[in-house]
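I have placed the structure first, in the form of structure tokens, so that the comments after it can refer back to it.
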Number of protein chains: 2
Amino acid sequence: MIKQQIDYYASNDKMYVASDCIVFGFDQGELKLLIFKRRVEPDKGDWSLIGSFVELDEDDNTSAKRVLKQITGLDHVFLEQLKTYTRVDRDKGARCISIAQYALIRIDDYDKALVEKHGAYWCNLNEVPQLTLDHNQMVIDALEELRRKAKYQPIGFELLPEKFTIPQLQSLYEAIYQCEFDSGNFRKKVLSLKVLEKLEEKDKSNSRRGAFLYQFNADNYRKLVNSGYHFEI
Amino acid sequence: MIKQQIDYYASNDKMYVASDCIVFGFDQGELKLLIFKRRVEPDKGDWSLIGSFVELDEDDNTSAKRVLKQITGLDHVFLEQLKTYTRVDRDKGARCISIAQYALIRIDDYDKALVEKHGAYWCNLNEVPQLTLDHNQMVIDALEELRRKAKYQPIGFELLPEKFTIPQLQSLYEAIYQCEFDSGNFRKKVLSLKVLEKLEEKDKSNSRRGAFLYQFNADNYRKLVNSGYHFEI
DNA sequence: ACAAAAGTGTTACGTGTACACCCATGA
DNA sequence: TCATGGGTGTACACGTAACACTTTTGT
């Protein structure tokens, strides 16, 4: 029985499985993408997403988190599978499929020294250079997914510091959707969702008057979702 | 150079890559799922989604279409990547990841003889038996995706015959979302989208009066989308 | 006191929802 | 003629968008 089983599997071909990571950050009102210089052939020296081969004792998520930790020094980042790229000729080096994932990180938290040491670089999303293999397509797909998700799930908060102001949140959404929102309406909408906790502190970096800081209340969000609440921005 | 490249790839491990297919159909007002009896160890004889190993000269889509054609006799089905399942211990037989895809097919078109010959079976979506490996989870995820997509993209039509009535369309959506819609409002909504062409024929199978048949106009849909139109049911 | 950002209030409009109603037809 | 499903019309509630307006504070 076991013999037969092994034979059956063995009569098929294996492939390399890579995991590539589209890392988004938000800084100075701009969406950023983390890229670095490819260190292996083919196309050594080209810009590339960060990635790695998935090892036998890892799943895609574990693999991506390992690389992410290596390069940004960050643990506990938001990470989600995007799509698997399987074109036969996508990698000239070998038959290799890639499970792409996208990550959202609080850009002021990351270990700048580590990022630089690995030759990585935060590039502006409107100025993404030519990337290796099919990585540009991955970025396009990830951005589309981010836009789709941000509307129905509170993932935008993953890109902001713990405490943020309503105008900061608005500027993030304006960066994601590349358009302007009416500030009054945006504020009303976002507060009506009942997932923001107002703090006593103010942030005065952007105005004389200062804007109150808020915090995302994940517990409350979960409760609302469980009771059938439909989040939407 | 090439030597170094090959060495680099070779120092990593390969895996088996499978492609599993969640096949939805619609019949008698019910959503159906195509499953069949697994013919290989482990778990030979268990119910399973249809699937196969992805061959070296195939991408995931090609692979799924090959199996689908084999078992249903159908070409040109709607097929889209769902998600890739990579848990280390998901397959007891070997380290094997699976790229799941979901398909929507017009159930009255399929080759019934072929389906039966392969031991496949259309099961009711509310009565899915225990499936092998992580296939039950795949079905859950696929159903969620179908619900999400059907709201914003005209994929529902893939499950209906070429010509269908508005009440038929409504009954499909009721099956997908497991709730009832107001028929007047549903009709207004769906006709306001401007992608249905009214035919002269009537279908009298469900009422004495008969209901007019309609046809989905894909060209018109594409035009509307290109001009920024936002489809939503 | 004024510029500039934060924050509030008011109104008009379009869309979804509930529901009453008419139509066509075979038995 | 009546039961049944197909199809139309209307009235109201509500969320959104546009925009006028007030508040705060450093210079």
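The sequence lines fix the lettering, A, B, ..., with proteins before strands; numbering per chain opens at 1.
T165(A) and D203(A) share no side-chain donor-acceptor pair at under 3.5 Å. If you check the side chains of D59(B) and T62(B), you find a donor sitting under 3.5 Å from an acceptor.
A perpendicular orientation is assigned to the rings of F231(A) and Y221(A), their planes being inclined by more than 60° (bins at 30° and 60°). The aromatic rings of Y177(A) and Y173(A) sit parallel, their planes meeting at an angle under 30°, below the 60° perpendicular limit.
When rounded to the nearest whole Å, the span between CZ of F164(A) and P of dA6(C) equals 15 Å. Rounded to an integer number of Å, the gap from CD of Q168(B) to P of dG7(D) is 11 Å. Rounded to a whole Å, the CG atom of L169(B) is 12 Å from the P atom of dG7(D). Put simply, CD on E232(B) is 12 Å from P on dT16(D), counting in whole angstrom units. Between R187(B) atom CZ and dG9(D) atom P the separation is 12 Å, expressed in whole Å.
Mapped onto DNA chain C by nearest heavy atom, G184(B) and S183(A) fall at different nucleotides, with S183(A) at the one closer to the 5' end.
Using a 4.0 Å cutoff on non-hydrogen atoms, the parts of residues 191-215 of chain B near DNA chain D are N206(B), S207(B), R208(B), R209(B), G210(B), A211(B), F212(B), ordered by number.
Here R106(A) contributes atom CZ and L160(A) contributes atom CG; the two are 8.0 Å apart, rounded to the nearest 0.5 Å. In this structure, CG in N61(A) is found 10.5 Å from CD1 in I99(A), a value given to the nearest 0.5 Å.
In Q178(A), the CD atom is crowded: over 12 heavy atoms of neighbouring residues, nucleotides or ligands sit closer than 6.0 Å. Residue-environment remark: CD (Q130(A)) stays at or below the threshold of 12 foreign heavy atoms within 6.0 Å. Residue-environment remark: CD (Q153(A)) exceeds the threshold of 12 foreign heavy atoms within 6.0 Å.
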List, with names and distances, any nitrogen or oxygen atoms from the protein found under 3.5 Å away from nitrogen or oxygen atoms belonging to nucleotides 14-18 of chain C.
residue, atom, partner, partner atom, Å
dG16(C), OP1, K189(B), NZ, 2.8
dA18(C), N7, N185(B), ND2, 3.0
dA18(C), N6, N185(B), OD1, 3.2

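For the pair E144(B) and R147(B), the salt-bridge criterion is not met [side-chain N within less than 4.0 Å of a carboxylate O].
When all heavy atoms of D182(B) and N185(B) are compared, the pair lying nearest together is OD1-N, 2.9 Å.
Terminal axes of the helix from dA1(C)-dT27(D) to dA27(C)-dT1(D) (five pairs each, C1' rotation axis) are separated by 10°, to the nearest 10°.
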